[in-house]
Amino acid sequence: MRAWNRAKLLWGYLRHKAVVNALPVEYIVETTAKCNLYCPMCPRETHKQPKEDMPDEIFNRLVEESGQSAEHVMLIGLGEPFMDRKIFDRIEYCDRHNISTLLSTNGTFFDEKTCARVLDTPLEHITLSFDGATKESYEYYRKGANFEKVRDNFIRFARMKHERGAKVQVVVQMVRMERNAGEVDDFIRFWSAIPGVDQVRVKADETNLLQPEAGHTSQDWKHPCHYLWRGPMYVKHSGDVYPCCQSYMLDGRPVGNIGAQPLAEIWNSDEMQRMRRLHVAKRADEIDICSRCCTTIPHPLLVAGSLILHGRTVRKFLPWVERLVYFSKLPRALLTPPKKAAAASELVQIDRK
């Protein structure tokens with residue numbers, strides 16, 4: 001069923017269909033809007049969030065309606081996942097529908113008990129966010145967190161994973177920004193030596209908060225954006241659905257609400273069809289949120305590959321593709337960054353153990 005769904009998505013993408021007779025392969029689901037930190041690069045700084053979790057009826061409806069087509073769900077958003085009291089139940093619920101789960105955490109709640117409980121779940125991938133190799137830079141970007149405490153939490157979790165032989169993929173990630181740009185080598189060296197860490201990743205900042213001038217020009221739109229045909233769609237804790245996570249951060253309007261409309265109806269709403277038509281016509285710069293977006297646009301060959309293969313396989317290959325492009329082993333045209341943010345695109349680096 002999932003392979004057939006991907007085939008229909010691929011057909012719709014290659015044929016530039018405005019109406020897609022399939023559903024996205026992945027979703028970003030914000031199970032909570034609560035967070036205990038304040039970070040200058042996070043849209044929480046400009047988009048005030050309520051202290052609320054996603055209601056069960058909304059989460060369950062999304063999983064049930066996407067259960068035959070979704071391959072993985074990223075349980076992240078503008079909240080810290082471990083502030084959601086039901087996060088472990090949500091991971092298990094997705095697993096019962098054969099949907100793999102991924103999440104990212106700031107690590108402030110990672111005591112030994114929580115670490116053990118995470119390792120007992122079917123969670124497939126976890127990103128440990130640690131934006132700096134020094135106390136000064138880390139605590140500047142992660143306001144409210146303690147450098148030594150979070151570092152030790154992550155080390156303990158990675159070692160517990162290693163000792164158990166758990167299958168969850170552990171990625172330690174730093175978003176490279178002005179204050180931590182000179183710490184990349186130290187960051188990679190330190191975390192690569194920790195048992196249980198599968199991948200160390202340094203990536204560019206893809207928000208507009210620290211680079212408000214970034215965005216795509218009309219010349220950038222050689223290819224339609226894959227989000228509109230493949231996903232992931234972004235589902236807020238309220239059930240509001242956006243074409244992608246960037247569309248919410250850039251003050252776009254929701255294209256529907258999963259609590260009030262069927263998922264298939266939202267995926268092919270009038271606004272989704274309008275956006276697809278403009279992207280196909282290479283007029284995506286006429287869409288306000290798209291013109292100000294600074295996310296990389298993959299070449300159609302990479303999009304096609306991501307639909308031919310199962311999402312789990314795509315996740316395994318993605319770091320290699322990024323690394324090959326970074327080290328010029330593959331043409332950079334395969335990952336087209338926005339011209340105004342060209343300097344930021346140079347900051348992407350992947351280092352695998």
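Predicted, not measured: the structure shown is a model, and the values here were computed from it.
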Single-linkage hydrophobic cluster, 4.5 Å side-chain cutoff, [X] and [Y] together:
X	Y	value
Val171	Tyr138	no
Tyr38	Phe109	no
Leu37	Met174	no
Trp4	Leu10	no

So [X] and [Y], would you call those rings parallel, tilted or perpendicular, with 30° and 60° as cut-offs?
X	Y	answer
His16	Trp229	tilted
Phe154	Trp191	perpendicular
Tyr242	Tyr248	perpendicular

Give, for atom [atom1] of [X] and atom [atom2] of [Y], the distance between the pair rounded to the nearest 0.5 Å.
X	Y	atom1	atom2	answer
Met233	Cys245	CE	SG	12.0 Å
His223	Leu302	NE2	CG	9.5 Å
Met74	Ile28	CE	CD1	4.5 Å
Leu23	Arg6	CG	CZ	14.0 Å
Asp270	Glu265	CG	CD	9.5 Å
Cys35	Leu78	SG	CG	9.0 Å

Item to check | side chain to side chain donor-acceptor pair (under 3.5 Å) contacts touching residues 73-90 (sequence neighbours left out) | outcome: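 Sorted result for residues 73-90: Thr31-Asp84, Asp56-Lys86, Glu80-Thr105, Glu80-Asn106, Asp84-Arg90.
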
Please check if the side chain of [X] supplies one atom and the backbone of [Y] the other of a donor-acceptor pair under 3.5 Å.
X	Y	result
Asn268	Val20	yes
Asn180	Val175	yes
Arg142	Phe130	no
Lys143	Tyr140	yes
His299	Leu301	yes
Arg151	Lys135	no
Ser247	Arg253	no

Nearest non-hydrogen partners of [X] and [Y], listed with the distance:
X	Y	result
Met160	Cys115	SD-CB, 3.8 Å
Val200	Ser192	CG2-OG, 3.5 Å
Ile289	Leu250	O-CD1, 3.2 Å
Glu183	Ala133	OE1-N, 2.6 Å
Gln273	Ala18	CG-O, 3.4 Å
Pro254	Asp240	CB-CB, 3.9 Å

Counterpart residues, salt bridge (Lys or Arg N to Asp or Glu O under 4.0 Å), relative to [X] (two or more places apart):
X	answer
Glu286	Arg283
Asp251	none
Arg274	Glu271
Arg179	none

Taking side chain as C-beta onward, heavy atoms only, is [X] less than 4.5 Å from [Y]?
X	Y	value
Trp11	Asn21	no
Leu75	Phe59	yes
His237	Pro50	yes
Tyr27	Ile258	no
Met177	Met41	yes
Glu139	Asn146	yes
Val73	Leu62	no
Met272	Leu228	yes

Next on the checklist: Please determine whether a side-chain nitrogen of the Lys or Arg among Asp120 and Arg117 lies less than 4.0 Å from a carboxylate oxygen of the Asp or Glu.
Outcome noted: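 Answer for the salt bridge query: no.
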
Checklist entry - Can a salt bridge be assigned to the pair Asp288 and Arg292 using a cut-off of 4.0 Å between side-chain N and carboxylate O? => result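 The answer is yes: the pair qualifies as a salt bridge.
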
Item to check | Of Arg44, Lys34, Lys236, the residue whose pairing with Gln49 passes side chain to side chain donor-acceptor pair (under 3.5 Å) | outcome: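 Only one option passes, and that is Lys236.
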
If you measure only the distance, is there a donor-acceptor pair under 3.5 Å linking the side chains of [X] and [Y]?
X	Y	answer
Asp53	Thr32	yes
Tyr93	Glu64	yes
Gln246	Thr295	yes

Checklist entry - Does the cation-pi check pass for Lys149 over Phe147, that is, NZ or CZ under 6.0 Å from the six-membered ring centre and within 45° of its axis? => result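 No, cation not above the ring by the 6.0 Å, 45° rule.
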
Next on the checklist: Is the positively charged end of Arg276 above the ring of Trp267, judged by distance under 6.0 angstrom from the centroid and angle within 45° of the axis?
Outcome noted: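 Satisfied, under 6.0 Å and within 45°.
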
Item to check | His162/Ile194 under side chain to side chain contact (heavy atoms under 4.5 Å, CB included): CA gap, chis, key distance, verdict | outcome: CA-CA 9 Å; His162 178 70; Ile194 303 300; over 6 Å; no

Item to check | Steps toward side chain to side chain contact (heavy atoms under 4.5 Å, CB included) verdict (Ser269, Gln261) | outcome: CA-CA 10 Å; Ser269 63; Gln261 302 161 267; 5.9 Å; no

Next on the checklist: Run His125 and His72 through side chain to side chain contact (heavy atoms under 4.5 Å, CB included) and show every step you take.
Outcome noted: CA-CA 10 Å; His125 174 114; His72 50 258; over 6 Å; no

Next on the checklist: Let's go through Arg2 and Asn5 carefully: what are the C-alpha distance in whole Å and the side-chain angles of both, what is the deciding distance for side-chain hydrogen bond (donor to acceptor under 3.5 Å, both in side chains) to 0.1 Å, and is it a yes or a no?
Outcome noted: CA-CA 5 Å; Arg2 286 177 169 81; Asn5 181 72; over 6 Å; no

Item to check | Intermediate values then yes/no, side chain to side chain contact (heavy atoms under 4.5 Å, CB included), Thr127 and Arg201 | outcome: CA-CA 9 Å; Thr127 296; Arg201 188 171 195 238; over 6 Å; no

Next on the checklist: Can you pull out every salt bridge (charged side-chain N to carboxylate O under 4.0 Å, His left out) where at least one residue sits in residues 92-116? Sequence neighbours excluded, please.
Outcome noted: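 For residues 92-116, and leaving out neighbouring residues, there are no salt bridge (charged side-chain N to carboxylate O under 4.0 Å, His left out) pairs at all.
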
Next on the checklist: Does Glu178 have more than 12 heavy atoms from other residues, nucleotides or ligands lying within 6.0 Å of its CD?
Outcome noted: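 No - once you tally the heavy atoms of other residues, nucleotides and ligands closer than 6.0 Å, there are 12 at most.
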
